[in-house]
Amino acid sequence: SAWRASGDVETRRFEKGKPRPKRNIQLWGFSVEPWTAMVCPNEPQFEEIIREALQDPQVVKIGHNIGFDEIEAMDYDCDIVWPRVNTIESEALLHPPFKEAKKRRWLALSTAVIRRFDGVPYWKDPDDPATKAFFRVAYSHIPEWQHPRLYCALDVIYNRVLWPAQREALLKAGLLGVFTKYVAPVGPVMTKMEYRGLPVDEGRRKMLLDWIGARIVTLTKDIQAFAAAFHARRIARLEEAVAS
């Protein structure tokens, strides 16, 4: 039977808007048992072992926004094979994002964990002064130069225990089938499209964008007209009720 392993990669920082650097992984982190983790540097002696695990169909690979890790792994000729679980997707099914949540960490791993486990500190910003201070106090036995590995270890530890809790919640909500049959299988396909690129007919793309833009304008006017008429009738009825 398949066994579960959560994973995470830590990469060198690079500026947004610039091309993504290739072969940029610094650390690999894994958790195969609840509340335990292993973190290793990205060195050749570990690559073959990691590749074997990530390409083993008997291992359920768990990751939060695992598409990022998949893209980084493909730089090392490692295509993460099915089955895999993206806990950010399952969290989005359980707690759908809304417009006002876009600027908040609505689906962050720390947020998802705090929803289910009391007393979990917010630790997702390792460069934040408050997080650094917390690390120094809570993990005083770990030297500060090891904090990047600690951050990676916490990531996989919490993700490893998050998925069983999410799975139970999906089952209770009647959404487990939707996730396993439809949402989860789409992820690897989308990731490969993002990594390899997709040929685009620019002329047809522009034509479709123009058509969609025109339709949006037309439909917006139609909706506004319908809404105005609806509210006018609603207000008239309220005024009539008040008067009577």
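Please read all numbers here as calculations on a predicted model, not as lab measurements.
Residue Tyr182 places its OH atom among 12 or fewer non-hydrogen atoms of other residues, nucleotides or ligands, all under 6.0 Å distant. More than 12 heavy atoms of other residues, nucleotides or ligands lie within 6.0 Å of CH2 in Trp35, so this atom counts as buried by the packing criterion. Arg234 CZ: 12 or fewer foreign heavy atoms inside a 6.0 Å radius. Enclosure of atom NZ in Lys22 by more than 12 non-hydrogen atoms of other residues, nucleotides or ligands within 6.0 angstrom is indicated. Around atom CE of Met38, more than 12 heavy atoms belonging to other residues, nucleotides or ligands sit under 6.0 Å away. Other residues, nucleotides and ligands place no more than 12 heavy atoms under 6.0 Å from the CD atom of Glu52.
Arg115 forms a cation-pi arrangement with Trp106, by the criterion of a distance under 6.0 Å to the ring centre and an angle within 45° of the ring axis.
A donor-acceptor contact shorter than 3.5 Å links the side chain of Arg51 to the backbone of Tyr76. Proximity of a side-chain donor or acceptor of His64 to a complementary backbone N or O of Ser110 within less than 3.5 Å is not detected.
A continuous path of hydrophobic side-chain contacts links Leu109 to Ile157 [ILVMFWY only; heavy atoms under 4.5 Å]. A continuous path of Ile, Leu, Val, Met, Phe, Trp and Tyr side chains, each step under 4.5 Å between heavy atoms, connects Leu154 with Phe134, placing both in one hydrophobic cluster.
Aromatic ring orientation, His141 versus Tyr139: tilted (interplanar angle from 30° to 60°). Ring pair Trp163/Phe179 is tilted by interplanar angle, where 30° to 60° counts as tilted.
Between atom CE of residue Met74 and atom CZ of residue Arg23 there is a gap of 14.0 Å, rounded to the nearest 0.5 Å. The structure places CZ of Arg205 at 10.5 Å from CG of Asp210, a figure rounded to the nearest 0.5 Å. Between atom CD1 of residue Ile49 and atom CG of residue Leu54 there is a gap of 12.0 Å, rounded to the nearest 0.5 Å. The OG1 atom of Thr191 sits 8.5 Å away from atom CD1 of Ile66, with the distance rounded to the nearest 0.5 Å. Here CE of Met207 is found 13.0 Å from CD of Glu202. Values are rounded to the nearest 0.5 Å.
Side-chain contact between Asn24 and Asp75 is absent, with no heavy atoms from C-beta onward closer than 4.5 Å. Annotation: side chain of Arg84 is in contact with side chain of Pro188 (closest heavy-atom distance under 4.5 Å). Pro148 places none of its side-chain heavy atoms less than 4.5 Å from the side chain of Gln26. A 4.5 Å side-chain heavy-atom check between His147 and Arg136 finds at least one atom pair inside the cut-off.
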Evaluate the criterion side-chain contact (heavy atoms from CB on, under 4.5 Å) for residue pair Thr131 and Tyr151; output intermediate values, then yes/no.
CA-CA 10 Å; Thr131 308; Tyr151 167 73; over 6 Å; no
Please report the C-alpha distance between Glu72 and Arg20 in whole Å, then the side-chain angles of each, then the deciding distance to 0.1 Å, and finally whether the salt bridge (charged side-chain N to carboxylate O under 4.0 Å, His left out) criterion is met.
CA-CA 10 Å; Glu72 295 295 334; Arg20 183 183 66 84; 3.3 Å; yes
Working note: Glu240 + Arg237, criterion salt bridge (charged side-chain N to carboxylate O under 4.0 Å, His left out); need CA distance, chi angles, decisive distance, verdict.
CA-CA 5 Å; Glu240 181 182 346; Arg237 288 175 181 173; over 6 Å; no
Could you give me the CA-CA distance, side-chain angles and deciding distance for Ile88 and Phe68, then say whether side-chain contact (heavy atoms from CB on, under 4.5 Å) is met?
CA-CA 12 Å; Ile88 200 171; Phe68 175 87; over 6 Å; no
Pair Asn159-Asp8, side-chain contact (heavy atoms from CB on, under 4.5 Å): steps then yes or no
CA-CA 9 Å; Asn159 210 11; Asp8 183 51; over 6 Å; no
Stepwise side-chain contact (heavy atoms from CB on, under 4.5 Å) test for Gln55 and Val81:
CA-CA 5 Å; Gln55 295 184 330; Val81 303; 4.2 Å; yes
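Applying the side chain to side chain contact (heavy atoms under 4.5 Å, CB included) rule to Arg116 yields the partners Glu91, Leu94, His95, Ala112, Leu162, Ala165, Gln166; only residues at least two apart in sequence or on another chain are considered.
Across every non-hydrogen atom of Ile25 and Leu27, the tightest pair is CG2-O, 3.5 Å.
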